[in-house]
Peer 1: 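Structure incoming, see below.
Order of appearance sets the numbers: ligands from 1, and atoms from 1 within every ligand. No experiment lies behind these values; they were computed from the predicted model shown.
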Amino acid sequence: MEIRPQTLFTGQQFVWLPACGSTNAEAQRLLGENRASEGCTVATGHQTAGRGQRGNRWEATAGENLTLSVVWFPTFLDAGQQFLLSQAVALAVHDWAAALLGPAPALRLKWPNDLYYGAQKLGGILIENALSGPKIQHSVVGIGLNVNQVAFGVPTASSLAALTGRAYDLGPLAAHLLECLERRYLQLRAGQVGALRRAYLQVLYRYQEPHAFEVAGQRVHGQIVGVGEDGRLAVDIGGAVRWFGLQEIRHV
Ligand SMILES: O=C(O)CCCC[C@@H]1SC[C@@H]2NC(=O)N[C@@H]21
């Protein structure tokens with residue numbers, strides 16, 4: 001994969017590693033050494049010990065996929081507003097994919113921040129926030145997007161290439177992703193929280209569609225009716241709205 005730093009947005013620091021364990025870990029290392037300014041991006045074509053959500057791994061081989069981490073200093077956010085950051089990043093990732101795939105109602109964000117096409121995952125986000133008292137001090141925004149990989153061991157994953165039948169040049173895709181991220185980040189920094197929430201609900205997987213969930217080991221029917229500023233999911237179950245955190249509910 002060739003990524004040309006000069007094509008990247010606003011000229012921020014861009015670190016390209018042919019291979020590494022985890023771009024999030026590398027970005028954390030730069031932060032620890034006071035060598036990361038806002039927007040600093042670490043990308044790799046080959047990630048061998050990538051960190052995923054819930055302790056899962058996220059690896060990338062042979063330059064097939066986009067695997068990068070961006071450092072931000074969202075000190076304007078309270079510790080309790082971490083979901084707002086996750087929502088803005090998820091929207092940026094959706095903007096990025098929508099520009100490539102065109103208008104596609106199947107392209108959705110699955111709560112809280114996975115990118116899906118139909119029932120297939122196209123990408124994921126892992127944000128590592130450091131707090132300073134009541135505020136966020138810095139964030140490492142890690143993003144993994146399936147681009148040119150066409151073989152997956154599971155039917156629940158896909159990629160841009162698998163969907164469109166063509167191969168992509170990763171450099172321009174990375175540059176475009178950084179633009180999308182910066183746009184949504186600036187929107188968040190400008191306090192446009194209502195607009196971000198409306199945009200998120202518009203593309204939220206199964207929003208206001210009755211379907212099955214698993215709650216505490218039980219199958220229940222309900223529909224998502226909202227998402228709180230703290231990221232909890234509001235689900236109408238039998239006419240009563242209940243709020244769920246990440247570990248408390250899952251789509252069936
Ligand atoms: O599990 C998920 O859905 C989120 C995966 C996020 C993976 C990305 S790849 C780039 C960055 N570096 C990491 O180690 N993890 C994130």
Side-chain angles (χ1 to χ4, degrees), residues 1 3 8 12-32 36 39-72 82-83 85-94 96-97 107-130 138-149 152-160 168 170-171 173-178 180-181 185 200 203-205 231 233 246-247 250-251:
M1 155 164 71
I3 293 188
L8 295 173
Q12 71 256 30
Q13 272 176 282
F14 186 81
V15 179
W16 161 248
L17 301 170
C20 73
S22 154
T23 56
N24 269 31
E26 291 298 331
Q28 295 285 7
R29 195 169 56 76
L30 291 176
L31 270 165
C40 167
T41 300
V42 181
T44 189
H46 187 182
Q47 181 167 262
T48 54
R51 305 170 183 166
Q53 293 160 12
R54 298 179 197 89
N56 292 329
R57 293 170 71 97
W58 190 281
E59 277 145 23
T61 48
E64 284 184 325
N65 297 324
L66 269 187
T67 309
L68 57 79
S69 302
V70 181
V71 175
W72 282 341
Q82 296 180 50
F83 174 71
L85 194 64
S86 162
Q87 183 178 251
V89 172
L91 276 169
V93 165
H94 186 278
W96 171 86
L107 187 65
R108 296 272 162 191
L109 291 173
K110 191 166 178 180
W111 176 79
N113 61 14
D114 285 336
L115 182 69
Y116 266 72
Y117 191 90
Q120 293 180 305
K121 182 160 168 168
L122 293 182
I125 295 165
L126 180 72
I127 303 179
E128 297 172 342
N129 293 317
H138 64 246
S139 304
V140 171
V141 175
I143 300 173
L145 294 163
N146 300 336
V147 177
N148 289 323
Q149 183 178 352
F152 294 91
V154 289
T156 50
S158 190
S159 68
L160 290 183
Y168 293 83
L170 292 175
L173 290 198
H176 177 227
L177 178 61
L178 294 181
C180 293
L181 284 166
Y185 183 55
Y200 180 78
V203 297
L204 184 62
Y205 180 71
L233 194 68
L246 200 52
Q247 311 302 332
R250 66 178 194 86
H251 290 275

Peer 1: Would you kindly specify which portion of Gln47 sits under 4.0 Å from ligand 1, judged on non-hydrogen atoms: side chain, backbone, both or neither?
Peer 2: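 Under 4.0 Å from ligand 1, Gln47 contributes side-chain atoms alone.
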Peer 1: Please report which non-hydrogen protein atom sits nearest to atom 1 (O) of ligand 1, along with the residue it belongs to and the distance in Å to one decimal place.
Peer 2: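 Going by distance alone, atom 1 (O) of ligand 1 is nearest to Gln53 N, 2.7 Å.
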Peer 1: Between Trp58 and Ile143 (side chain of the first, backbone of the second, donor and acceptor by atom type, cut-off under 3.5 Å), is there such a pair?
Peer 2: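 Such a contact is absent between Trp58 side chain and Ile143 backbone.
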Peer 1: For the OH atom of Tyr117 and the CG atom of Leu160, what is their distance to the nearest 0.5 Å?
Peer 2: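 If we round to the nearest 0.5 Å, Tyr117:OH and Leu160:CG are 11.0 Å apart.
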Peer 1: Can you tell me how the ring of Tyr200 sits relative to the ring of Phe83, calling it parallel under 30°, perpendicular over 60° and tilted otherwise?
Peer 2: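 Geometry flag for Phe83 against Tyr200: perpendicular rings.
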Peer 1: So if I count the atoms of ligand 1 from 1 in the order they appear, which ones are less than 4.0 Å from some heavy atom of Gly52?
Peer 2: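 Here the atoms of ligand 1 in question are 1 (O), 5 (C).
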Peer 1: For Gly50, take its heavy atoms, then give the atoms of ligand 1 lying under 4.0 Å from any of them.
Peer 2: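 Listed by number with element, the hits are 14 (O).
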Peer 1: Should you measure from each heavy atom of Lys121, which atoms of ligand 1 turn up under 4.0 Å away?
Peer 2: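 Going through ligand 1 atom by atom, the ones under 4.0 Å from Lys121 are 2 (C), 3 (O).
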Peer 1: Looking at atom 5 (C) of ligand 1, what's its closest protein heavy atom, distance included?
Peer 2: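 Ranked first by proximity to atom 5 (C) of ligand 1 is Trp58 CE3, 3.3 Å.
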Peer 1: Give a yes/no verdict on whether any heavy atom in Asp114 is under 4.0 Å from an atom of ligand 1.
Peer 2: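 Contact present.
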Peer 1: Classify the side-chain pair Gln47/Asn65 by whether it contains a donor and acceptor separated by less than 3.5 Å.
Peer 2: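 No donor-acceptor contact under 3.5 Å links the two side chains.
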Peer 1: Identify the protein heavy atom lying closest to atom 15 (N) of ligand 1, giving its residue, its atom name and the separation to 0.1 Å.
Peer 2: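 Here the nearest protein heavy atom works out to Arg51 O, 2.7 Å.
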